[in-house]
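The next block holds one structure in the form of structure tokens; read it before the comments.
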Amino acid sequence: MQDDRDWPLYEIFVRARGGLDHKHAGSLHAADARMAIDHARDLYTRREEGVSLWVVRSSDITASDPAEADSLFEPARDKIYRHPTFYAIPDEVKTL
Amino acid sequence: MYTQGLDAAGADARADSADLGGEDALQQRFQRRVDAEQKIEPKDWMPERYRSTLIRQISQHAHSEIVGMLPEGNWITRAPTLQRKVILIAKVQDEGGHGAYLYGAAETLGVGRDQLIDQLLAGKAKYSSIFNYPTPTWADVGAIGWLVDGAAIMNQIPLCRCSYGPYARAMVRVCREESFHQRQGYDIMLRLSQGSSEQRRMAQEALNRWWWPALMMFGPPDGDSTHGTESQRWKIKRFSNDELRQKFVDFTVPQARYLGLAVPDPELRWNDLEGRYHFGAIDWREFEQVLKGNGPCNAERLAARRAAHAQGAWVREAASAYAEKQSVRAANRAA
């Protein structure tokens, strides 16, 4: 019979309050998604830290490569015109 | 602290083979990031010794949480009131949760939880010496919360700023919960110290039993600690063992005084010049013996863990079988 060494890892996301995003809280092992939810409740919401849970198999997550972070994110750095503060608006002009 | 074996284990922590010349640039870049207080994340490049040190430290910490459930779990069925019982259950459950957070953090470094648990059950892994002491009275439960969790907080708060992201984040979660543990312990001591002469005697005896082992939790004195410097350079460790121990004594002695209890150290006195307490010498032979497995409860703790693991096997098997059945059914429905 298989032991828990075959249980996959799940990443747990918790919505702290209605209206907020689900936020990554950590991970845990479970036999299936249903059990991952049950365990996530016990592990991450013992003090009313959440109103909703998402569980995702860790192996189903595709992540960007940290080694490529520069080439991936640097192009945004010199595009300061994308921010409203780039534009000087005369003091006389209101509500803009 | 919960990972004190790290400092004492000079022999089994031999230096890795010298880093290759090609890694020099990576090493320097890594150190610059650490120096700049940037967090290191699981997929980032890291020196092998940084990885192995963290695996050892985090897994020892996780084992300590799990074994730490036993001395207090011993009193769940005998807690003096229903309220004390539910509080104690909640605290012990928290410790299990802390172990789970920490195993999770260790797993991000490429080691399996089962592997780590196997090491614990085989008696090959270290955990904090403190959990090898017995809890003969209810007052010991109070002393553990007050002193052991108090010492743990002292150590864990700086770990919230540790350079390794998953460990730091786990510690933030742990620290949020630990304060309840310390307060509930002090609350037990407070109640006993305001009680009958027998209750006050129980409280005093528990303090006598736990004071020195609590001071040992911070690990060997700085001069003997083999890993302090490297861990500090990597910002895994922020303060030395002796610094944290001193801070603990300075915080705790006034708390004992408020309880009307005497700290079992004839040399203890306030040093006005240094602005801190002077305290007596710690019996490091006792510490070494407990770490080596010869403490009062080492064998009992390990036997309890092994029994719990074996007795839980059918639950794990049943859950696996159920998950398998469900997935087969889902596949058949889809077909």
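In what follows, every heavy atom counts, from backbone to side chain, and hydrogens, waters and symmetry copies are set aside. Nothing here was measured: the structure is a model prediction, and the numbers come from that model. Every chain is numbered from 1 and lettered A, B, ... according to where its sequence line falls, protein lines coming before strand lines.
- Heavy-atom neighbours of B/R51 CZ from other residues, nucleotides or ligands within 6.0 Å: above the threshold of 12.
- With a 4.5 Å cut-off on non-hydrogen atoms, A/A25 touches chain B through its backbone and its side chain both.
- For A/R41, the CZ atom counts as loosely surrounded, since its 6.0 Å shell holds 12 or fewer non-hydrogen atoms of other residues, nucleotides or ligands.
- Atom CZ of B/R29 is surrounded by 12 or fewer heavy atoms from other residues, nucleotides or ligands within 6.0 Å.
- For A/L28, no part sits under 4.5 Å from any heavy atom of chain B, backbone or side chain.
- Taking 4.5 Å as the limit, every side-chain heavy atom of A/H29 sits out of range of all side-chain heavy atoms of B/Y103.
- For B/E41, no part lies under 4.5 angstrom from a heavy atom of chain A.
- At least one side-chain heavy atom of A/W7 sits less than 4.5 Å from a side-chain heavy atom of B/R316.
- In terms of heavy atoms, B/A319 sits closest to A/A31 at O-CB, 3.6 Å.
- More than 12 heavy-atom neighbours from other residues, nucleotides or ligands sit within 6.0 angstrom of NZ on A/K79.
- Residue A/E48 places its CD atom among 12 or fewer non-hydrogen atoms of other residues, nucleotides or ligands, all under 6.0 Å distant.
- In terms of heavy atoms, B/K43 sits closest to A/A63 at NZ-CB, 3.7 Å.
- Across every non-hydrogen atom of B/Y101 and A/L43, the tightest pair is OH-O, 3.0 Å.
- Comment: A/R47 engages B/D94 in a salt bridge, judged by a side-chain N to carboxylate O separation of less than 4.0 angstrom.
- The two residues B/G104 and A/S27 have their closest heavy-atom pair at CA-OG, 4.4 Å.
- For a residue to count as touching a neighbouring chain, one of its non-hydrogen atoms must lie under 4.5 Å from one of that chain's; by this rule B/R176 does not touch chain A.
- Residue B/E37 qualifies as enclosed at atom CD: its count of foreign heavy atoms under 6.0 Å is above 12.
- Highest contact tally toward chain A, considering only B/H98, B/E107, B/R169, B/E177, is held by B/E177 [criterion: heavy-atom pairs under 4.5 Å].
- To the nearest 0.5 angstrom, B/E324 atom CD is 11.5 Å from A/D32 atom CG.
- The neighbour count for B/N332 CG, taken as heavy atoms of other residues, nucleotides or ligands under 6.0 Å away, is above 12.
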